[in-house]
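Following: one structure in structure tokens, then a few remarks.
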Amino acid sequence: MRTIKLGSSSLEVPVVAVGCMRINSLEKPEAERFVQSALEEGANFFDHADIYGGGTCEEIFADAIHMSADIREKIILQSKCGIRKGMFDFSKEYILESVDRILKRLKTEYLDVLLLHRPDALVEPEEVAEAFDLLENSGKVRHFGVSNQNPMQIQLLKKFVKQPLVANQLQLSITNATMISNGINVNMENDSALNRDGSILDYCRLNDITIQPWSPFQYGFFEGVFLGNDKFPELNQQIDEIAAKYEVRNTTIAIAWLLRHPAHMQPVIGTMNIDRLKDCCKASDVYLTREEWYSIYRAAGNILP
């Protein structure tokens, strides 16, 4: 598995992250096989959140991987906190309590990466800074980042937080590529020119923040996958033709499309199917040409100005 540096840190991570939101759908033997298969592929970066399965996903993962001191040093663990029932919470108290619970469920003494999950309208950045300092000084968290935040929200945090923010997890796929389209359609009078995110793609590149695309196969907001979907005939035909050229499956090309972008992204895949997991990992070795990348972009319904 090819690796990249996570943001401005020295942490080397695989270009594909394994999302564990659905691991609670597996029986223990299945979860063990899935985790072991990921490790065999070199996909040793596992993404969690305290809300996944109400915390059970972290517990199931720890059991499935047979967490131990030896195992822990061979994997990279990321989790997220801040989403509560009916609200968001970036208070110092809640962040600290959440991390302690996460560590207990994962059976580990530290997280490699902690992300703040969804923006909290009532965020007090001074409190976040205090929480991050305590977590770093205690050794409970080594690196920090955010999820679904725009440039000004990150800038507000950076005014007080001294640790580098190394990652920003954002929704991005071939069919949900507004952060790419608004950069192509600058100054045009069309919907694609609308800047909905404050130019977060360019901001992250300028500030050495790794974008972690979530739902890389989804269209809309969890409306379904675009691969093999009759709603996207031209897109699937184009992907299938390119997949045949590289002798891989369509899943591989969908991830390779994201990896081809020079922002050096780290897609978070959510499949619990071992074959699809392996197909996603193969994208590490596929480098699409500029012509292929743009042909897929256009086939998704995007029009070049």
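The structure displayed is predicted, hence computed values, not measured ones.
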Can you confirm whether [X] sits close enough to [Y] that some side-chain heavy atom of one is under 4.5 Å from a side-chain heavy atom of the other?
X	Y	result
Met265	Val15	no
Pro213	Val268	no
Met272	Glu30	no
Ile303	Asn185	no
Leu235	Phe226	yes
Pro119	Gln153	yes
Val166	Thr210	no
Cys280	Phe217	yes

Give, for atom [atom1] of [X] and atom [atom2] of [Y], the distance between the pair rounded to the nearest 0.5 Å.
X	Y	atom1	atom2	result
Lys80	Leu116	NZ	CG	11.5 Å
Ile184	Asn302	CD1	CG	7.5 Å
Ile200	Thr178	CD1	OG1	11.5 Å
Leu135	Glu130	CG	CD	11.5 Å
Asp120	Glu127	CG	CD	9.5 Å
Ile76	Leu111	CD1	CG	12.5 Å

| request: Let me see the working for Asn168 and Gln212 under side-chain contact (heavy atoms from CB on, under 4.5 Å), right down to the final yes or no. | output: CA-CA 6 Å; Asn168 189 7; Gln212 296 178 331; over 6 Å; no
So with a 6.0 Å cut-off around [atom1] of [X], is the heavy-atom count from everything else above 12?
X	atom1	answer
Glu109	CD	no
Phe160	CZ	yes
Leu194	CG	yes

Apply side chain to side chain contact (heavy atoms under 4.5 Å, CB included) to [X] and list each qualifying residue two or more places apart in sequence or on a separate chain.
X	answer
Lys159	none
Ala131	Lys92, Ile95, Leu96
Gln155	Met152, Lys158, Tyr203
Asp133	Asn137, Lys162, Gln163

At their closest point, which heavy atom of [X] faces which heavy atom of [Y], and how far apart are they?
X	Y	answer
Trp214	Asn148	NE1-OD1, 2.9 Å
Ile102	Ser79	CD1-OG, 3.6 Å
Leu165	Ile209	O-CG1, 3.2 Å
Phe90	Gly82	CE2-CA, 3.9 Å
Ala193	Asn182	O-CB, 4.0 Å
Pro216	Ser173	O-CB, 3.3 Å

Hey, does the side chain of [X] reach the backbone of [Y] with a donor-acceptor pair shorter than 3.5 angstrom?
X	Y	answer
Asn195	Gly198	yes
Glu58	Lys104	no
Asp279	Arg249	no
Ser68	Ile71	yes
Asn24	Cys57	no
Ser147	Gln169	yes
Arg2	Ser284	yes
Thr56	Gly53	yes

| request: With sequence neighbours left out, write down each residue that passes salt bridge (Lys or Arg N to Asp or Glu O under 4.0 Å) with Glu12, or none if nothing qualifies. | output: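 Expected list: Lys5.
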Would you tell me whether [X] and [Y] have side-chain atoms, one donor and one acceptor, within less than 3.5 Å of each other?
X	Y	value
Ser295	Gln238	yes
Glu32	Gln36	no
Tyr246	Glu292	yes
Asp89	Ser91	yes

Pair [X] + [Y], salt bridge at N-O below 4.0 Å:
X	Y	answer
Lys107	Glu59	no
Lys140	Asp100	yes
Asp50	Arg105	no

| Whichever hydrophobic residues join Ile83 through chains of side-chain contacts under 4.5 Å |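 Met21, Ile51, Tyr52, Phe88, which link up through side-chain heavy atoms under 4.5 Å apart, make up the rest of the cluster.
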| said: Using 30° and 60° as the class boundaries, would you call the ring planes of Trp257 and Tyr297 parallel, tilted or perpendicular? | reply: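 Geometry flag for Tyr297 against Trp257: parallel rings.
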| task | Before giving the answer on side-chain contact (heavy atoms from CB on, under 4.5 Å), spell out for Leu172 and Met179 the whole-Å C-alpha distance, their side-chain angles and the decisive distance to 0.1 Å. | result | CA-CA 8 Å; Leu172 177 62; Met179 72 173 70; 4.1 Å; yes
| said: Are Phe132 and Phe144 an aromatic pair, judged by ring center distance below 6.0 Å? | reply: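 Between Phe144 and Phe132, the centre distance is under 6.0 Å.
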| query | Do Ile253 and Tyr294 share a hydrophobic cluster (ILVMFWY, side-chain heavy atoms under 4.5 Å, transitive)? | reply |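 Same cluster.
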| message | Does the structure place the NZ or CZ of Arg72 under 6.0 Å from the centre of the six-membered ring of Tyr110, at an angle of no more than 45° from the ring's axis? | response |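 Judged by the rule, Arg72 and Tyr110 form a cation-pi pair.
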| side-chain contact (heavy atoms from CB on, under 4.5 Å) between Asp47 and Val18, intermediate numbers included | CA-CA 6 Å; Asp47 173 74; Val18 180; over 6 Å; no
| Run the side-chain contact (heavy atoms from CB on, under 4.5 Å) check on Val16 and Lys282 step by step: do they pass? | CA-CA 10 Å; Val16 172; Lys282 289 178 182 177; over 6 Å; no
